[in-house]
Visitor: 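Provided herewith is a single structure, encoded as structure tokens, for subsequent inquiry.
Computed from a prediction, not measured in an experiment: that's the story for all the values here. Whatever order the structure lists ligands and atoms in, that order sets their numbers, starting from 1.
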Amino acid sequence: MLTRIDHIGIACFDLDRTVEFYRATYGFEVYHSEVNEEQGVREAMLKINETSDGGASYLQLLEPTRPDSAVAKWLDKNGEGVHHIAFGTADVDADAAGIKDKGVRVLYEEPRRGSMGSRITFLHPKDCHGVLTELVTSAPVESPEH
Ligand code: V0V
Ligand code: CO
């Protein structure tokens with residue numbers, strides 16, 4: 001079951017400048033940042049709010065790390081802007097299988113590694129009324145060490 005907006009993915013040319021815009025304009029701080037080589041992105045997660053399912057909603061700012069990446073290709077064509085939306089679920093495997101059964105193309109056979117150790121997959125934008133849609137299961141919260 002999809003229980004939150006996990007994040008909105010925003011493609012940008014210059015991550016540092018875009019992070020600074022969100023900080024200076026709205027006061028949002030970087031909660032987490034990482035490079036995901038498989039996806040070809042450098043990203044910053046700005047936490048917006050906690051959600052009632054125990055997760056949270058973020059803005060995900062994305063800068064491409066290589067010209068053949070999905071985000072670089074999209075920026076070439078469209079310029080900066082909203083690239084994808086991501087719904088959070090406790091079970092990305094089950095939700096992806098259920099959505100695939102409805103005839104929507106799921107891009108990955110198995111979920112791949114996403115931000116902060118999450119497991120992610122994508123639905124083809126042409127099957128989703130023009131919206132690239134991601135499904136996310138967050139990494140389990142690590143129990144504190146004793
Ligand atoms: C492409 N299209 C889009 C789109 N990207 N439509 C809406 N939103 C987007 N973001 C349209 C495009 O305009 C074309 O329409 C058509 O789809 C085919 O696009 P293309 O430019 O030829 O590109 P493809 O087919 O090579 O690749 C498109 C897909 C690709 C969606 C298959 O971008 C992909 O695999 N995306 C999933 C991975 C990803 O986006 N990773 C970056 C975020 P017309 O012109 O034919 O009408 S990584 C992330 O979110 C992480 C790590 C995380 O959350 O943790
Ligand atoms: Co994303």
Visitor: Output yes when the distance from some N or O of ligand 1 to some N or O of Arg113 is under 3.5 Å, and no in every other case.
Guide: no
Visitor: Is any side-chain heavy atom of Leu46 closer than 4.5 Å to a side-chain heavy atom of Val30?
Guide: yes
Visitor: Could you check atom 2 (N) of ligand 1 against the protein and tell me its nearest heavy-atom contact, residue, atom and distance included?
Guide: Pro125 CG, 3.9 Å
Visitor: Does some non-hydrogen atom of Tyr58 fall short of 4.0 Å from ligand 1?
Guide: no
Visitor: Starting from atom 26 (O) of ligand 1, find the nearest protein heavy-atom neighbour and note its residue, name and distance.
Guide: Lys73 NZ, 2.7 Å
Visitor: Which atoms of ligand 1 have any heavy atom of Gly114 under 4.0 Å away?
Guide: 55 (O)
Visitor: Using a strict cut-off of 4.0 Å, indicate which atoms of ligand 1 neighbour a heavy atom of Ala70.
Guide: 33 (O), 39 (C), 40 (O)
Visitor: Going by the closest heavy atom to atom 16 (C) of ligand 1, which one wins out of Lys126, Glu134, Met45?
Guide: Lys126
Visitor: Which protein non-hydrogen atom lies closest to atom 52 (C) of ligand 1, naming both residue and atom, and how far is it?
Guide: Asn36 ND2, 3.5 Å
Visitor: Please write down residue, atom name and distance for the protein heavy atom closest to atom 7 (C) of ligand 1.
Guide: Gly130 O, 3.1 Å
Visitor: On the 0 to 90° scale, with breaks at 30° and 60°, tag the Phe28-Tyr22 ring pair as parallel, tilted or perpendicular.
Guide: parallel
Visitor: In the protein, which heavy atom is nearest to atom 53 (C) of ligand 1, and how far is it?
Guide: Gln60 NE2, 3.0 Å
Visitor: Over all heavy atoms of both residues, which pair between Cys12 and Pro64 is shortest? Give the atoms and the distance, please.
Guide: O-CD, 3.6 Å
Visitor: So which protein N/O/S atoms does the Co ion (ligand 2) have within less than 2.8 Å?
Guide: His7 NE2, Gln60 OE1, His84 NE2, Glu134 OE1
Visitor: Do you know the tightest heavy-atom contact between Cys128 and Val104?
Guide: SG-CG1, 4.1 Å
Visitor: Any idea which heavy atoms bring Thr89 and Thr3 closest together, and the distance?
Guide: CA-OG1, 4.5 Å
Visitor: For atom 45 (O) of ligand 1, grab the closest protein heavy atom and report residue, atom and distance to one decimal in Å.
Guide: Lys77 NZ, 2.6 Å
Visitor: Can you tell which part of Ile120 has a heavy atom less than 4.0 Å from ligand 1: side chain, backbone, both or neither?
Guide: side chain
Visitor: If we count only non-hydrogen protein atoms and require a distance under 4.0 Å, does atom 29 (C) of ligand 1 qualify as touching the protein?
Guide: no
Visitor: If you measure from each heavy atom of Ala86 to ligand 1, is any distance below 4.0 Å?
Guide: no
Visitor: Do protein heavy atoms approach atom 18 (C) of ligand 1 to less than 4.0 Å?
Guide: no
Visitor: Please answer whether the main-chain N or O of Ser115 pairs with a side-chain N or O of Glu34 as donor and acceptor at a distance below 3.5 Å.
Guide: no
Visitor: Can you tell me how far the OH atom of Tyr58 sits from the CE atom of Met116, to the nearest 0.5 Å?
Guide: 4.0 Å
Visitor: From the options Asn49, Thr51, Asp53, select the one residue that forms a side-chain hydrogen bond (donor to acceptor under 3.5 Å, both in side chains) with Arg4.
Guide: Asp53
Visitor: Could you check atom 43 (C) of ligand 1 against the protein and tell me its nearest heavy-atom contact, residue, atom and distance included?
Guide: His84 CE1, 3.9 Å
Visitor: What are the two closest heavy atoms between Ala11 and Val71, and how far apart are they?
Guide: CB-CG1, 3.9 Å
Visitor: Looking at ligand 1, is there an atom of it that comes within less than 4.0 Å of some heavy atom belonging to His7?
Guide: yes
Visitor: Going by the atom numbers of ligand 1, which of them fall below 4.0 Å from some non-hydrogen atom of Tyr108?
Guide: 38 (C)
Visitor: Does atom OH of Tyr31 have more than 12 heavy-atom neighbours from other groups under 6.0 Å away?
Guide: no
Visitor: Looking only at protein heavy atoms, identify the closest one to atom 40 (O) of ligand 1 and say how far it is in Å.
Guide: His83 CE1, 3.2 Å
Visitor: Run the salt-bridge test on Arg17 and Glu20 with the 4.0 Å N-O cut-off and return the result as yes or no.
Guide: no
Visitor: Supply the atom-to-atom distance Gln39 CD to Ile120 CD1, rounded to the nearest 0.5 angstrom.
Guide: 4.5 Å
Visitor: Please determine whether a side-chain nitrogen of the Lys or Arg among Lys102 and Asp127 lies less than 4.0 Å from a carboxylate oxygen of the Asp or Glu.
Guide: no
Visitor: Does a side-chain heavy-atom distance below 4.5 Å link Leu107 with His124?
Guide: yes
Visitor: Do you know the tightest heavy-atom contact between Ser118 and Val136?
Guide: CB-CG1, 3.7 Å
Visitor: Measure Leu107 to ligand 1 on non-hydrogen atoms and call it side chain, backbone, both or neither using the 4.0 Å cut-off.
Guide: side chain
Visitor: Val71 heavy atoms, cut-off 4.0 Å: which ligand 1 atoms fall inside?
Guide: 42 (C)
Visitor: Consider only side-chain N and O atoms of Glu134 and His7, and report whether a donor and an acceptor are under 3.5 Å apart.
Guide: yes
Visitor: Any donor and acceptor pair, going by atom type alone, linking the side chain of Thr65 with main-chain N or O of Gly40 inside 3.5 Å?
Guide: yes
Visitor: Considering the heavy atoms of Trp74, write down every atom of ligand 1 situated less than 4.0 Å from one of them.
Guide: 4 (C), 5 (N), 8 (N), 9 (C), 10 (N)
